There are 2 protein chains.
Amino acid sequence: MDDDRNTRRRRANGEESRRRILDATVEVAGERGYEGTSIALVSKRCGLPASSIYWHFKDKDDLIAAVIERSFGRWLAALTLPDDSAGTPMARVTMLAQQVATALLEAPDFLRLGLMLTLERRPEEPSARTMFLQVREFAHRRVADMFAEFMPGLDPAAVQLLTTYALAGADGLFVAKEIGGDGVDLVRLFELHALALFDLAARLSS
Amino acid sequence: MDDDRNTRRRRANGEESRRRILDATVEVAGERGYEGTSIALVSKRCGLPASSIYWHFKDKDDLIAAVIERSFGRWLAALTLPDDSAGTPMARVTMLAQQVATALLEAPDFLRLGLMLTLERRPEEPSARTMFLQVREFAHRRVADMFAEFMPGLDPAAVQLLTTYALAGADGLFVAKEIGGDGVDLVRLFELHALALFDLAARLSS
DNA sequence: TTACAACTGTAGTGATCGCTACAGGAAAGC
DNA sequence: GCTTTCCTGTAGCGATCACTACAGTTGTAA
């Protein structure tokens with residue numbers, strides 16, 4: 001069934017164990033933050049001893065960085081990008097905003113953990129935080145490119161401003177959803193956000 | 001000089017000690033989150049023994065709740081509300097947004113700690129988190145009233161939506177400032193946010 | 001002077017922290 | 001069979017955790 005992966009076979013339940021450890025970690029970290037994520041609790045939740053965790057991951061920092069990485073991958077996978085060539089700019093921006101919103105609903109861990117790490121400003125940077133900021137920087141560039149393409153009238157400073165506002169809106173709406181729960185319609189709010197961005201772009205273009 | 005406060009005089013450096021403890025706590029909590037805030041570290045930073053901390057505060061939960069409370073008070077104090085009767089609605093909304101922005105620049109701890117606590121979803125609610133959510137609910141109602149007053153054409157559902165969007169924008173822009181530091185002009189972004197809200201209100205009124 | 005309330009300092013409690021040493025089991029290759 | 005590699009289980013390291021008991025100090029009021 002599952003034959004050779006690379007030259008060397010994967011043994012027993014190593015892959016499965018790694019997955020279980022990451023599942024437990026994302027759960028604990030989402031509840032208690034970076035410092036609150038204790039190896040003992042993760043061990044209890046995933047049913048594997050601490051030594052297994054330390055066999056798969058160098059240390060706690062490495063573990064949490066791996067969680068961020070996997071969560072981001074899942075979020076990206078949930079993001080089915082809209083067709084690049086369809087409809088008006090307005091329709092395309094709205095479409096993109098809705099895609100982002102549904103991806104956040106499907107895979108919220110990435111942004112939740114990322115924001116938690118971001119708000120903490122400890123002297124020694126956890127590598128998970130650094131990783132989140134890199135991903136975010138990447139997203140920033142992508143969105144900036146999109147604005148530059150859709151709104152040719154914008155000067156670079158305006159594109160920067162608008163991009164920052166766009167990402168901030170996404171963060172804030174996500175937080176609102178985390179607080180408000182089912183009472184908050186994230187997709188509708190992102191649609192509104194797209195509208196707002198469009199109007200702002202028009203204002204800044206003039 | 002400082003005579004009777006209530007009937008009983010305040011002794012020695014109790015008030016001063018309480019202040020130093022809270023100062024140290026806000027610093028530590030901002031760096032390391034709720035779980036990461038250890039009494040030993042707070043004790044070291046403020047130069048007072050743990051027993052003093054426990055004399056002033058019931059437990060760690062109580063301490064952090066007090067920090068949130070004081071931080072909110074300071075933020076409110078930094079918020080010099082605009083004159084209720086001056087200018088067009090647009091000018092008044094923009095003015096308010098700028099006031100909120102500068103207050104956040106002057107007293108950022110409140111929102112930072114609040115958001116950190118908000119994103120954590122531990123089974124047993126820390127009272128600090130509850131306190132933040134109450135304050136936020138209060139702010140929500142105030143902003144909703146403002147929208148209802150300035151934009152009479154909005155139906156209640158639209159007011160709710162817009163208010164959620166307004167608060168989310170504030171949260172997100174604050175996070176952007178925390179990440180971007182000096183590269184982010186918070187006041188300018190809040191001005192943009194006011195503009196966006198105005199345009200959205202117009203769209204939702206029609 | 002006495003009495004008391006308001007703090008501070010010392011010295012711990014048992015529990016939990018991140019992490020490690022190391023023996024052993026289970027599957028794959030020889 | 002034997003070895004090698006992968007992974008788990010047990011036990012425990014020193015450090016730190018939240019918190020407390022309690023004696024000591026000090027300003028104020030009677």
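In what follows, every chain begins at residue 1, and chains take the letters A, B, ... in the order their sequences are listed. Quantities reported herein were computed from a predicted structural model and do not represent experimental measurements.
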K.L.:
Just how far, in rounded Å, is P of dT16(C) from CD of Glu35(B)?
P.N.:
13 Å
K.L.:
Would you mind reading off the distance between Ile39(B) atom CD1 and dA11(C) atom P, rounded to a whole angstrom?
P.N.:
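So the two atoms are 21 Å apart, to the nearest Å.
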K.L.:
Below 4.0 angstrom from OP1 or OP2 of dC17(D), is there any side-chain N or O of Ser38(B)?
P.N.:
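For dC17(D), OP1/OP2 do have a side-chain N/O of Ser38(B) under 4.0 Å.
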K.L.:
Return the CD1 to CZ distance between Ile68(B) and Phe132(B), rounded to the nearest 0.5 Å.
P.N.:
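Going from CD1 on Ile68(B) over to CZ on Phe132(B), the span is 7.0 Å.
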K.L.:
Counting any heavy atom closer than 4.0 Å, what does Ser43(A) reach on the DNA or RNA strands: base, sugar-phosphate only, or nothing?
P.N.:
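It contacts nothing in the nucleic acid.
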K.L.:
Round to the nearest Å and state the distance from Trp55(B) atom CH2 to dA21(D) atom P.
P.N.:
17 Å
K.L.:
Looking at the side chain of Pro49(A), which of dG9(C), dT8(D), dA18(D) is the nearest nucleotide?
P.N.:
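Out of dG9(C), dT8(D), dA18(D), the nucleotide with an atom closest to Pro49(A)'s side chain is dT8(D).
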K.L.:
Can you see if the side chain of Tyr54(A) gets near the phosphate of dC19(C) - specifically, an N or O under 4.0 Å from OP1 or OP2?
P.N.:
yes
K.L.:
Within this structure, what is the CD1-to-P distance between Ile21(B) and dG9(C), rounded to whole angstrom?
P.N.:
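Whole-Å distance recorded here is 11 Å.
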K.L.:
Does Glu31(B) pair with Arg45(B) as a salt bridge, N-O distance under 4.0 Å?
P.N.:
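Between Arg45(B) and Glu31(B) there is a salt bridge, with a charged N closer than 4.0 Å to a carboxylate O.
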K.L.:
Tell me whether Lys177(B) contacts the main-chain N or O of Gly181(B) through its side chain, where contact means a donor paired with an acceptor under 3.5 Å.
P.N.:
yes
K.L.:
Return the nearest nucleotide to the side chain of Ala40(B); candidates are dT8(D), dC17(D), dT8(C).
P.N.:
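It is dC17(D).
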K.L.:
Without decimals, in angstroms, what is the distance between Arg18(B) CZ and dA6(C) P?
P.N.:
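Those two atoms, CZ and P, are 14 Å apart.
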K.L.:
Taking CZ from Phe57(A) and P from dC6(D), how many angstroms apart are they, rounded to a whole number?
P.N.:
16 Å
K.L.:
Under 3.5 Å, is there a donor-acceptor pair linking the side chains of Tyr34(B) and Asp61(B)?
P.N.:
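A pair is found: one side chain offers a donor N or O, the other an acceptor, under 3.5 Å apart.
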K.L.:
Consider the side chain of Ala50(B), meaning its heavy atoms from C-beta on, and name the nucleotide among dT8(C), dT20(D), dC7(D) that approaches it most closely.
P.N.:
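Nearest to the side chain of Ala50(B) among the choices is dT20(D).
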K.L.:
When you check the phosphate oxygens OP1 and OP2 of dT8(C), does a side-chain N or O of Ser17(B) lie under 4.0 Å from one of them?
P.N.:
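Ser17(B) to dT8(C) OP1/OP2: side-chain N or O found under 4.0 Å.
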K.L.:
Counting only side-chain N and O atoms of Ser51(B), is one of them less than 4.0 Å from OP1 or OP2 of dC7(C)?
P.N.:
no
K.L.:
Rounded to whole Å, how long is the line connecting atom NZ of Lys58(A) with atom C1' of dG18(C)?
P.N.:
12 Å
K.L.:
Output the rounded distance in Å from NZ (Lys60(A)) to P (dG18(C)).
P.N.:
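Checked: the NZ to P distance equals 5 Å.
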K.L.:
Considering heavy-atom distances to DNA chain C, does His56(B) or Tyr34(A) have its closest nucleotide positioned more toward the 5' end?
P.N.:
His56(B)
K.L.:
Does Thr94(B) reach the main-chain N or O of Ala194(B) with its side chain, forming a donor-acceptor pair under 3.5 Å?
P.N.:
no
